[in-house]
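Before any comments, here is the structure.
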Amino acid sequence: MKRLLAIELQKIWKNKASRVLTLAYFILLTFIALIASIKFDLGIFKFHLAEMGIFNFPFIWHFNTYIAAILKLFLAIVIVSMMANEYSYGTLKQNLIDGMSKKEFIQSKFLTVVLFATVSTIFIFIMSLILGLSYSSYTEFSIVFSDLEYLLAYFVKLVGFFSFCLFLGILVKRSAFALGFLLVWNIIEGVINGVLTFKVFPNSTTAASFTQFLPLQSMSNLIVEPFSRLSVVKNLGTQIGLNNIKEYGVNLSAILIVLFWTVIFIFLSYRLLKNRDL
């Protein structure tokens, strides 16, 4: 395993674009900390994000994982390019000639996916802990380490999404086309969601019962938007007569669906590679 992972990391580090995108991803994650410094003071109107409670424990685990997940496209490009470069530079064929099996090749790619997700999750954990201890109004041990399931959801979300990108990279062979296919698939899911919600099952939650099984939607369901949990948003909603009944927790069913898709994507990646004439 270590040998397979070392080979993949060496390939990524030697590729300038992949190296830059990976570093850019983690640099952008640190910019979440800059949100704390956003402050407006215009007479009677004062606005300071840190004082709105976004860095309070345990809300910070929800907020930071949601924001960080938006930036996952940077590593997705690395994953897709990693696979596309195997075909462009002929390293896939060379690895097979050198004795690596196709199963080991897929294993090395998946190990890289898991490593990226693990490092990113640990990074978010450490950064959130530092920000929370600096700005949170609640620092009791039981509160600080509650709602950590958002970190698990974040990890599963990254593994599932990167596995999908890996599959697309093998399927299409070209990074630009693979990313284009990802965009098209996102639009297709949006259309399916719209048809079911507004045409087939209007004024009903039945549509969500079907769309939760779509790959990208299932990943999105892992961590729902956190902003309507803020007290200022709740108070505003109450004043205009809106009742918020949204479920914010991490559901086990959502995790299982994404894990199912992860297995499917890795299996299909292996089958494609196994049956393809290189």
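Note that the structure is predicted; figures quoted are calculated from it, not measured.
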Test W61 against every option in F125, Y150, Y248 by the ring pair (Phe, Tyr, Trp, His ring centres under 6.0 Å) rule and name the one that passes.
-> F125
Do side-chain atoms of K102 reach the backbone of L273 as a donor and acceptor pair under 3.5 angstrom?
-> yes
Quick check: does any side chain N or O of S136 sit under 3.5 Å from a backbone N or O of F57, one acting as donor and the other as acceptor?
-> yes
Under 3.5 Å: donor-acceptor pair, side chain of Q212, backbone of S209 = yes
Show your reasoning for whether side chain to side chain contact (heavy atoms under 4.5 Å, CB included) applies to L129 and V144.
-> CA-CA 8 Å; L129 192 61; V144 169; 3.8 Å; yes
Stepwise side chain to side chain contact (heavy atoms under 4.5 Å, CB included) test for L166 and M83 = CA-CA 7 Å; L166 176 61; M83 196 59 238; 4.1 Å; yes
Measure the acute angle between the ring planes of F26 and F123, then classify it against the limits of 30° and 60° as parallel, tilted or perpendicular.
-> perpendicular
Is the backbone N or O of F116 less than 3.5 Å from a side-chain atom of S120, with the two atoms forming a donor-acceptor pair by type?
-> no
Which is it for V113 and T262 under the side chain to side chain contact (heavy atoms under 4.5 Å, CB included) test, yes or no, and what are the steps along the way?
-> CA-CA 11 Å; V113 163; T262 300; over 6 Å; no
Spell out, as yes or no, whether a donor-acceptor pair under 3.5 Å connects the side chain of S220 to the backbone of L216.
-> no
Atom pair CG (L133) and OG (S128), whose distance is rounded to the nearest 0.5 Å = 10.5 Å
First locate atom CG of L252, then atom CD1 of I257, and finally report the distance between them rounded to the nearest 0.5 Å.
-> 10.0 Å
Mind checking whether V156 and L222 have side chains closer than 4.5 Å, heavy atoms only?
-> yes
Kindly determine whether L196 and T206 satisfy side chain to side chain contact (heavy atoms under 4.5 Å, CB included), including the steps that lead there.
-> CA-CA 8 Å; L196 290 177; T206 307; over 6 Å; no
Transitive ILVMFWY side-chain link V20 to V78, under 4.5 Å = no
Are the side chain of S108 and the backbone N or O of F105 linked by a donor-acceptor pair below 3.5 Å?
-> yes
Has the side chain of W261 got a donor or acceptor atom that lies under 3.5 Å from a matching backbone atom of F213?
-> yes
What's the spacing between I188 CD1 and N193 CG if we round to 0.5 Å?
-> 13.5 Å
Donor on one side chain, acceptor on other, N221 and Q217, under 3.5 Å | yes
Distance-minimising heavy-atom pair for I143 and S146 = O-OG, 2.7 Å
Would you indicate whether the side-chain heavy atoms of T118 and L158 approach each other to under 4.5 Å?
-> no
Looking at F167 and L272, what are the two nearest heavy atoms and their distance?
-> CE1-CD1, 3.6 Å
Find the distance between CD1 (I255) and OG (S218) and round it off to the nearest 0.5 Å.
-> 11.5 Å
Nearest 0.5 Å please: distance from the CZ atom of F177 over to the CG atom of L168.
-> 13.5 Å
Report the C-alpha distance between F74 and Y25 in whole Å, list the side-chain angles of each, state the deciding distance to 0.1 Å, and finish with yes or no for ring-ring contact (aromatic ring centres under 6.0 Å, His included).
-> CA-CA 6 Å; F74 281 87; Y25 171 74; 7.0 Å; no
Where do H62 and I223 come nearest, in terms of heavy atoms and distance?
-> CD2-CG2, 3.7 Å
Test item: Y66 and Y154 side chains (from C-beta on) under 4.5 Å apart, heavy atoms = no
L75 side chain near T22 side chain, heavy-atom distance below 4.5 Å | yes
With under 30° as parallel and over 60° as perpendicular, where do the rings of F164 and F265 fit, or are they tilted in between?
-> parallel
Closest approach of S137 to N56 (non-hydrogen atoms, all atoms of both residues) = N-OD1, 2.9 Å
Show your working on ring-ring contact (aromatic ring centres under 6.0 Å, His included) between F141 and F145 and close with a plain yes or no.
-> CA-CA 6 Å; F141 185 87; F145 293 102; 4.9 Å; yes
L115, I124: one ILVMFWY side-chain cluster at the under-4.5 Å cut-off?
-> yes
Determine, using the 4.5 Å side-chain heavy-atom cutoff (strictly less than), whether F161 and F260 are members of one ILVMFWY cluster.
-> yes
Shared hydrophobic cluster, L256 / V159 (ILVMFWY, side-chain heavy atoms < 4.5 Å) = no
Spell out, yes or no, whether V172 and V184 are grouped together once hydrophobic residues are joined by side-chain heavy atoms under 4.5 Å, including indirect joins.
-> yes
Exercise: identify the closest heavy-atom pair between M127 and N64 | CE-ND2, 4.5 Å
May I ask you to decide if S142's main-chain N or O and E140's side chain share a donor-acceptor pair within less than 3.5 Å?
-> no
Rounding to 0.5 Å, atoms CD1 (I192) and CD1 (I187) come to a distance of 12.5 Å
Does S101 use its side chain to pair, donor to acceptor, with the backbone of E104 at less than 3.5 Å?
-> yes
Is any side-chain heavy atom of F59 less than 4.5 Å from a side-chain heavy atom of P226?
-> yes
K109 side chain to I106 main-chain N or O, any donor-acceptor pair under 3.5 Å?
-> no
Nearest heavy atoms of A68 and L29, plus distance in Å = CB-CD2, 3.5 Å
